[in-house]
Amino acid sequence: MNLLKLNQEILIKKFHILTLQMAPRARKVRPRAAKPNEELANILLEIGEYEKNVNLQPFKYQAYRRAAQSLSEHPEKIKRIEDAKALKGIGKRISEKISEYLKTGKVSKLMEARKNDKSKILKELTRVAGVGPSHAQKLLSEGIKSLEDLKSHQNLLTHQQIIGLKYVDDFEQRIPRSEMAEIEKFLFEKIKKIDKDYTITLCGSYRRGLESSGDVDLLITHPNYVSLRYAEEYRLKATKNLIIETKKSPIDLLKNIVNKLSEIGFISDTLALGETKFMGVCKVAHDKLHRRIDIRLLPYDEYYCGVFYMTGSDVFNRDIRKIAKEKNFILNEYCLRKLNPDGTPGKALKVESEEDIFRHLGIDFIPLEERY
DNA sequence: AATAGCCAGCG
DNA sequence: CGCTGGC
């Protein structure tokens, strides 16, 4: 009996009942404070989008987003500029905008951006999935001014963008929780039929219990696929039954699923398909819209760090990673490691559930519904 | 200096 | 191959 087999059996036993990580019931009451600064926050967000899409300034966009986030979380209406400056993420330039807003009720930079034709067109073009600020500028320079123009000049688009254009309207619609649950059930049944050892988890806001989601984010794993780190630690050798990450043997674990889901008509389009990541389009029933779906294959030993990370929220992830750092751990998408006195990371800790992450960090488990 | 890494497409 | 863009 080799070590691998033993390990696998233990893991499989342990994981079997958890194979489908059921998402929690929807939040009953979302503890939602009033948002007295929402208008201001939205103005900043809009300026941020302008910086990103028109001025190609993604970092300014991030800065505006952070500021907007601070403001919308702040429970009291900002009346004086000093109150705003005290919030995190609000520095000199942004507080100037807030000052102007407090005095006049508007921000001239935004007013100019709104009446700027170029920015209107770029905003319209970037509605297409796969068209970012850079492509949008290029399209504009070739005379494309609207989605209508794009429809008649598809030769200017990549395959991804053609699909994005085809479904622009669908992709802008949120996915109701009930439909997410239907998708989850469907995927579970179909994937288990391919191979019962697959573990699958629908992550993102759905897993946190929100009433709607932007897209479908599915993580999958299989005991036959482990990380290189894990293989080295247990001195595992790749075999026909064990695939080790980064060993250049083709991994079919994802493709098998994608092929099957395409065959039965659930997946309608493929945007990108590699060995570990699929991006595409799905539709769960005729009366439903087309939805963006990502499927990621993770090594078995890294699964729960991945699930934790992909469940978010991103703000929550940042907070937890900070706590980890304070306690001399380093947490990322793949693993949790204790830092040595010299600051280098030690061996990956065993993480076989999300609870393990909290346990290692010495903090109480934070329920899915509370991960803002 | 800013999240990170996968995939497509291009030269 | 390495780079860029998008997500």
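So you know, we letter chains A, B, ... as the sequences are listed, proteins then strands, and number each from 1.
Taking every heavy atom of residues 46-63 of chain A and every atom of DNA chain B, pairs under 4.0 Å involve A/F59, A/Q62, by number. Contacts with DNA chain C (heavy atom under 4.0 Å) in residues 132-142 of chain A: A/G132, A/P133, A/S134, A/H135, listed by number.
Under the 4.0 Å criterion applied to side-chain N and carboxylate O atoms, A/D301 and A/K350 are not assigned as salt-bridge partners. Classification of A/K52 and A/E49 as a salt-bridged pair fails, no side-chain N sitting under 4.0 Å from a carboxylate O.
For the pair A/I251 CD1 and B/dC6 P, the interatomic distance rounds to 11 Å; values are reported in whole Å. Between the P atom of B/dT3 and the CZ atom of A/F316 lies a distance of 18 Å, rounded to the nearest Å. In this structure, A/D314 places its CG atom 10 Å from C1' of B/dT3, rounding to the nearest Å. To the nearest angstrom, C1' of B/dA4 lies 12 Å from CG of A/N317.
Sorted by first then second residue, the side chain to side chain donor-acceptor pair (under 3.5 Å) pairs that include residues 75-90 of chain A, not counting sequence neighbours, are A/R80-A/D83. Residue pairs satisfying the side chain to side chain donor-acceptor pair (under 3.5 Å) criterion with at least one member in residues 307-330 of chain A, sequence neighbours excluded, are listed as follows: A/R207-A/T311. Among residues at least two apart or in separate chains, salt bridge (Lys or Arg N to Asp or Glu O under 4.0 Å) pairs with a member in residues 222-233 of chain A are A/R229-A/E302. Under the side chain to side chain donor-acceptor pair (under 3.5 Å) criterion, the residue pairs touching residues 103-116 of chain A are A/E46-A/R114, A/E51-A/K109, A/E100-A/S108, with sequence neighbours excluded.
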Let's go through A/K145 and A/D117 carefully: what are the C-alpha distance in whole Å and the side-chain angles of both, what is the deciding distance for salt bridge (charged side-chain N to carboxylate O under 4.0 Å, His left out) to 0.1 Å, and is it a yes or a no?
CA-CA 10 Å; A/K145 293 191 161 63; A/D117 277 349; over 6 Å; no

Would you sort out whether A/E189 and A/K193 count as a salt bridge (charged side-chain N to carboxylate O under 4.0 Å, His left out), showing the intermediate values?
CA-CA 6 Å; A/E189 286 170 6; A/K193 213 170 279 179; over 6 Å; no

Using atom types as modelled, flag every donor-acceptor pair under 3.5 Å from a side chain in residues 120-131 of chain A to any protein atom, sequence neighbours excluded.
| from | atom 1 | to | atom 2 | distance (Å) |
| --- | --- | --- | --- | --- |
| A/T126 | OG1 | A/L122 | O | 2.9 |
| A/T126 | OG1 | A/K123 | O | 3.1 |
| A/R127 | NE | A/E172 | OE2 | 2.8 |
| A/R127 | NH2 | A/D169 | OD1 | 3.4 |
| A/R127 | NH2 | A/E172 | OE1 | 3.1 |

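Remark on DNA chain B: of its neighbouring residues A/T276 and A/Y309, the 5'-side contact belongs to A/Y309, judged by nearest-heavy-atom nucleotide.
Legend: residues meeting ring pair (Phe, Tyr, Trp, His ring centres under 6.0 Å) with A/F266, ordered by chain and number and at least two apart, are A/F186. A search for ring pair (Phe, Tyr, Trp, His ring centres under 6.0 Å) contacts involving A/H74 returns nothing, not counting sequence neighbours. A/N332 is linked by a side chain to side chain donor-acceptor pair (under 3.5 Å) to nothing, counting only residues two or more places apart in sequence or in another chain.
Taking a heavy-atom distance under 4.0 Å as the criterion, the stretch of DNA chain C touched by chain A extends 5' to 3' from C/dG5 to C/dC7.
Counted within 6.0 Å of NZ on A/K288, heavy atoms from surrounding residues, nucleotides or ligands total more than 12; the atom is thus considered enclosed.
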Under 3.5 Å between N/O atoms: give me all the protein pairs with nucleotides 8-11 of chain B, atom names plus distance.
| from | atom 1 | to | atom 2 | distance (Å) |
| --- | --- | --- | --- | --- |
| B/dA8 | OP1 | A/L273 | N | 2.8 |
| B/dA8 | OP1 | A/L273 | O | 3.4 |

